[in-house]
Engineer: 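Pasting in a structure now, in structure tokens, and then I'll have a few things to ask.
We count residues from 1, following the sequence as given.
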Amino acid sequence: MATGNASHDHQQEPQYLFPIERLTNLSGWLDVSKELQAVGLVARPLKFDDYERGYLELLKQLTTVGEVPRPAFEARFNEMRRINQMDEHYMIVVVEDRKVGKVVGCSTLLLEYKFIHECSKRGRLEDVAVLDTHRARKIGELVVKLIVELAREAFGCYKITLDCTDELKKFYAKNNFIYASNMLAIRFDQER
Ligand code: 16G
């Protein structure tokens with residue numbers, strides 16, 4: 001299982017949330033990046049200045065984002081990067097359309113460190129969004145493919161899970177996810 005030297009990599013590319021080599025070393029990287037390139041797009045880790053490239057507007061296509069001024073974004077980004085420098089947890093991958101200078105797709109791999117399965121890790125696929133102007137170009141499929149490969153190859157997770165709405169079950173089934181269990185929740189954000 002590759003663990004890498006996160007703090008060293010971060011010194012090389014301080015603006016990335018996690019080392020880009022985590023992506024470029026994946027066996028499927030060339031294929032995915034070629035497909036994206038063919039439609040003028042590029043995948044990479046989230047950067048500090050993706051605030052200006054519309055990362056939060058993109059997330060608004062998924063759910064409520066609320067008011068997040070730049071200092072709040074910066075503080076959260078730095079917090080995630082600091083945590084990643086100790087032990088990698090937050091792998092936010094974005095797809096950028098360089099012609100328009102916008103992030104048009106995104107997804108997150110969240111790593112949960114376990115004792116079970118011989119101290120393995122569980123991956124969680126989170127916050128998948130594709131800008132409405134850029135749908136039907138396989139962006140969702142390709143970004144999910146990268147996240148699944150990160151979980152399997154780069155981090156040796158024993159499984160990757162997600163939760164989604166009924167409408168999206170078909171999309172994830174097409175991308176090799178099998179309906180496995182119920183998700184239950186207590187919504188603190190809906191308590192009055
Ligand atoms: C979906 C997302 C999840 C996100 C949630 C937000 C995927 C695979 N799942 O379940 O990551 O956190 O929506 O919805 O992208 P909420 O605001 O109702 O929690």
Engineer: Could you tell me which non-hydrogen atom of A129 sits nearest to which non-hydrogen atom of L62, and how far apart they are?
Structural biologist: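 Looks like CB-CB, 4.4 Å.
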Engineer: Using side-chain contact (heavy atoms from CB on, under 4.5 Å), reason through L109 and I160 one step at a time and then give a plain yes or no.
Structural biologist: CA-CA 9 Å; L109 170 66; I160 182 164; 3.9 Å; yes
Engineer: Kindly indicate, with the supporting measurements, whether the criterion side-chain contact (heavy atoms from CB on, under 4.5 Å) is fulfilled by E153 and S27.
Structural biologist: CA-CA 8 Å; E153 269 184 40; S27 55; 2.4 Å; yes
Engineer: I139 and G105: which non-hydrogen atoms are nearest, and at how many Å?
Structural biologist: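 Shortest heavy-atom contact: CG2-CA, 4.1 Å.
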Engineer: Tell me whether E112 is salt-bridged to K114, with the criterion being a basic N under 4.0 Å from an acidic carboxylate O.
Structural biologist: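 A salt bridge is present here (some side-chain N lies under 4.0 Å from a carboxylate O).
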Engineer: Check whether Y179 forms a cation-pi arrangement with K169 (NZ or CZ under 6.0 Å from the six-membered ring centre, at most 45° off the ring normal).
Structural biologist: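 Checked: cation-pi criterion met.
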Engineer: Is H89 reaching over with its side chain to a backbone N or O of N84, donor-acceptor style, under 3.5 angstrom?
Structural biologist: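 A pair under 3.5 Å: no.
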Engineer: Looking at K138 and E35, is there a salt bridge between them, counting it only when a charged N and a carboxylate O are closer than 4.0 Å?
Structural biologist: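 Salt bridge present between E35 and K138.
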Engineer: Is any NZ, NE, NH1 or NH2 atom of the basic residue among E149 and K145 found under 4.0 Å from an Asp or Glu carboxylate oxygen of the other?
Structural biologist: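 Between K145 and E149 there is no salt bridge, as every charged N stays at least 4.0 Å from the carboxylate O atoms.
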Engineer: Hydrophobic clusters here meaning ILVMFWY residues chained together by side-chain heavy-atom distances under 4.5 Å, can you tell me if L150 and I83 are in one?
Structural biologist: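 Yes, one cluster joins them.
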Engineer: Between V94 and V42, is there a shared hydrophobic cluster once you connect ILVMFWY residues whose side-chain heavy atoms come closer than 4.5 Å?
Structural biologist: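 No, it is not one cluster - the side chains of V94 and V42 are not joined through contacts under 4.5 Å.
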Engineer: With a 4.5 Å heavy-atom cut-off, do L46 and Y90 have their side chains touching?
Structural biologist: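 Not in contact.
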Engineer: Is the shortest distance from a Lys or Arg side-chain nitrogen in K174 or E141 to a carboxylate oxygen in the other one below 4.0 Å?
Structural biologist: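 Salt bridge between K174 and E141, a charged N being under 4.0 Å from a carboxylate O: no.
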Engineer: Counting neighbours of CZ on R44 that are heavy atoms of other residues, nucleotides or ligands and sit closer than 6.0 Å, is the number greater than 12?
Structural biologist: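 Yes, because the 6.0 Å sphere around CZ of R44 holds more than 12 heavy atoms from other groups.
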Engineer: Just so I know, are the side chains of V104 and L41 near enough to count as touching, which here means a heavy-atom distance under 4.5 Å?
Structural biologist: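 Counting from C-beta outward, V104 and L41 do come under 4.5 Å.
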Engineer: Specify whether F77 and F48 have parallel, tilted or perpendicular ring planes, treating 30° as the upper limit for parallel and 60° as the lower limit for perpendicular.
Structural biologist: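 Answer is perpendicular, since the angle exceeds 60°.
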Engineer: Quick check on E118: does its CD atom have over 12 non-hydrogen neighbours (other residues, nucleotides or ligands) under 6.0 Å away?
Structural biologist: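 No, because the 6.0 Å sphere around CD of E118 holds 12 heavy atoms or fewer from other groups.
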Engineer: Kindly compute the distance separating CG (L26) from CG (D31), expressed to the nearest 0.5 Å.
Structural biologist: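 The CG atom of D31 is 11.5 Å from CG of L26, to the nearest 0.5 Å.
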Engineer: Are V130 and V39 connected in a single hydrophobic cluster, I mean Ile/Leu/Val/Met/Phe/Trp/Tyr linked by side-chain heavy atoms less than 4.5 Å apart?
Structural biologist: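 V39 clusters together with V130.
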Engineer: H117 vs Y158 aromatic rings, parallel, tilted or perpendicular, using cut-offs 30° and 60°?
Structural biologist: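 The rings of H117 and Y158 lie parallel, inter-plane angle below 30°.
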Engineer: Run the salt-bridge test on E52 and R70 with the 4.0 Å N-O cut-off and return the result as yes or no.
Structural biologist: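 Looking at R70 together with E52, the answer is yes, because their closest N to O distance falls below 4.0 Å.
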Engineer: Of all the heavy-atom pairs spanning A72 and V68, show the shortest one and how long it is.
Structural biologist: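 Shortest heavy-atom contact: CB-CG1, 4.1 Å.
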Engineer: Run the salt bridge (Lys or Arg N to Asp or Glu O under 4.0 Å) test on E57 and K102 for me, step by step, so that the C-alpha distance in whole Å, both residues' side-chain angles and the decisive distance to 0.1 Å come before the verdict.
Structural biologist: CA-CA 10 Å; E57 280 68 44; K102 280 204 169 308; 6.0 Å; no
Engineer: Are side-chain N/O atoms of H134 and D97 paired as donor and acceptor at under 3.5 Å?
Structural biologist: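 Yes - a donor-acceptor pair under 3.5 Å links their side chains.
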Engineer: With the threshold set at 4.0 Å, does a side-chain nitrogen-carboxylate oxygen contact exist between D50 and R53?
Structural biologist: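 Salt bridge flag = yes for R53 with D50.
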Engineer: Taking NZ, NE, NH1 and NH2 as the nitrogens, is one of them in E79 or R76 under 4.0 Å from a carboxylate oxygen of the other?
Structural biologist: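 Yes, charged N to carboxylate O under 4.0 Å.
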Engineer: Verify the distance criterion only: is there a donor paired with an acceptor across the side chains of E126 and S107 at less than 3.5 Å?
Structural biologist: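 Distance-only check fails for E126 and S107.
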Engineer: Starting from the C-alpha separation in whole Å, work towards a yes-or-no answer on side-chain contact (heavy atoms from CB on, under 4.5 Å) for F177 and V144.
Structural biologist: CA-CA 11 Å; F177 284 84; V144 165; 4.1 Å; yes
Engineer: Show, in sequence, the C-alpha distance, side-chain angles and deciding distance for V93 and F18, and conclude whether the side-chain contact (heavy atoms from CB on, under 4.5 Å) test is met.
Structural biologist: CA-CA 9 Å; V93 177; F18 68 92; 3.9 Å; yes
